Amino acid sequence: MSIVEVINTRRNIKSFKQDQIEMEKIHNWLQAGSMAPNHRMTEPWEVYVIGPETREKLNHKTNFFNAPVVLIVLSRHGASEVETYENAIATSCFVQNFLLAAWAEGVGTFWSSMANVQRNRDILGVPEGYDVIGAFGVGYPDEIKDAKERTSIQEKIRYLP
């Protein structure tokens, strides 16, 4: 599959098979994530692999659609407000690389922003100076829905003199 096909076919998965994924594959996709652009090579991301006890405490309303693996991705604050902002953007690029690398090998993801609330930060033991970018269910899709209609990119482009 070409990278454009991977991008155009990737979906947020809401129904996972219970087949296990080898951690080596996940590590490879996370390594691909680490090739994301990041200002001054800050590499601000951290990844938590969530076990069953922590997952139960998080008590996500969908239980991450029963995905066999749940990851939490954090972004480290920078030395300034601008660097903190840039780090969050870089970490989002890290996440997108990960999502696309997994999808290219037939593994889907579900991205939830639920983990940055204080209760969940406490459960996860997120240190001060980090933001939670998301919680991610990871697994083989049981169902892949059609893409939702998107606004034409032509409506989003502005040409300046």
Side-chain angles (χ1 to χ4, degrees), residues 2-14 21 23-51 53-55 57-65 67 69-105 107-139 147-148 150-161:
S2 76
I3 188 65
V4 173
E5 288 175 293
V6 172
I7 292 167
N8 286 332
T9 61
R10 192 207 63 79
R11 301 287 178 270
N12 213 23
I13 299 301
K14 295 184 177 179
I21 303 169
M23 282 309 294
E24 182 179 349
K25 285 185 175 187
I26 292 174
H27 291 168
N28 288 340
W29 303 328
L30 291 169
Q31 188 64 50
S34 74
M35 298 307 292
N38 60 103
H39 189 69
R40 298 188 185 127
M41 291 297 293
T42 57
E43 298 181 300
W45 41 78
E46 300 284 335
V47 180
Y48 293 177
V49 180
I50 302 305
E53 183 180 320
T54 303
R55 184 174 177 160
K57 287 179 186 175
L58 286 173
N59 193 27
H60 188 266
K61 64 183 175 185
T62 68
N63 191 23
F64 306 98
F65 298 100
V69 175
V70 175
L71 305 174
I72 305 291
V73 177
L74 309 178
S75 178
R76 185 180 61 253
H77 290 182
S80 68
E81 187 177 325
V82 169
E83 188 176 313
T84 296
Y85 176 75
E86 289 171 344
N87 284 354
I89 292 169
T91 303
S92 294
C93 291
F94 166 87
V95 166
Q96 181 73 350
N97 280 3
F98 168 77
L99 300 180
L100 295 174
W103 188 253
E105 293 191 38
V107 172
T109 53
F110 168 76
W111 185 340
S112 172
S113 59
M114 55 72 70
N116 206 35
V117 298
Q118 191 60 52
R119 175 188 169 277
N120 293 333
R121 290 176 62 88
D122 292 343
I123 290 167
L124 296 166
V126 175
E128 285 297 316
Y130 283 82
D131 291 316
V132 179
I133 298 300
F136 300 86
V138 182
K148 292 182 180 177
R150 304 292 169 114
T151 303
S152 166
I153 196 62
Q154 296 303 322
E155 293 181 38
K156 301 288 186 172
I157 299 173
R158 301 292 175 258
Y159 295 91
L160 303 178

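What you see is a predicted model; the values in this text were computed from it and never measured.
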### M23 CE: over 12 foreign heavy atoms closer than 6.0 Å
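Atom CE in M23 is crowded, with more than 12 foreign heavy atoms closer than 6.0 Å.
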### Message
Is it the case that atom CD in E43 sees more than 12 heavy atoms from other parts of the structure closer than 6.0 Å?
### Response
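Result for CD/E43: enclosed.
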### Query
Can you check side chain to side chain contact (heavy atoms under 4.5 Å, CB included) on L71 and I50, steps first, answer last?
CA-CA 6 Å; L71 305 174; I50 302 305; over 6 Å; no
### Task
Might you point out which heavy atoms bring G139 and V107 nearest each other, and give the distance in Å?
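Scanning both residues completely, I find the closest heavy atoms to be O-CG1, 3.5 Å.
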#### Entry: R55 to A67 - nearest heavy-atom pair and separation
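Answer, listing the atom of R55 first, then A67: NH1-O, 2.7 Å.
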Working to the nearest 0.5 angstrom, can you tell me the gap between [X] [atom1] and [Y] [atom2]?
{"X": "L30", "Y": "N97", "atom1": "CG", "atom2": "CG", "result": "11.0 Å"}
{"X": "F94", "Y": "W45", "atom1": "CZ", "atom2": "CH2", "result": "6.5 Å"}
{"X": "T9", "Y": "W103", "atom1": "OG1", "atom2": "CH2", "result": "6.0 Å"}
{"X": "L58", "Y": "L124", "atom1": "CG", "atom2": "CG", "result": "5.0 Å"}
{"X": "I7", "Y": "E5", "atom1": "CD1", "atom2": "CD", "result": "10.5 Å"}
{"X": "I123", "Y": "T54", "atom1": "CD1", "atom2": "OG1", "result": "8.5 Å"}

### Task
Check the angle between the aromatic planes of W111 and F136 and answer parallel, tilted or perpendicular using the 30° and 60° thresholds.
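Tilted: the ring planes of W111 and F136 meet at 30° to 60°.
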### Message
For R76, is there any backbone N or O sitting under 3.5 Å from a side-chain donor or acceptor partner on N87?
### Response
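Looks like yes, one N/O pair under 3.5 Å.
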### Message
Looking at N8, is its backbone amide N or carbonyl O close enough to the side chain of R10 to form a donor-acceptor pair, meaning the two atoms are under 3.5 Å apart?
### Response
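Not a single qualifying donor-acceptor pair exists.
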### Task
Start with the C-alpha distance between E24 and N28, add both sets of side-chain angles, then the distance that settles side-chain hydrogen bond (donor to acceptor under 3.5 Å, both in side chains), and finish with yes or no.
CA-CA 6 Å; E24 182 179 349; N28 288 340; 4.6 Å; no
### Query
Yes or no on side-chain hydrogen bond (donor to acceptor under 3.5 Å, both in side chains) for Q31 and S34, after CA distance, side-chain angles and deciding distance?
CA-CA 5 Å; Q31 188 64 50; S34 74; 3.0 Å; yes
### Query
Going through the checks in order, is the side chain to side chain contact (heavy atoms under 4.5 Å, CB included) test met by I133 and S92?
CA-CA 7 Å; I133 298 300; S92 294; 4.1 Å; yes
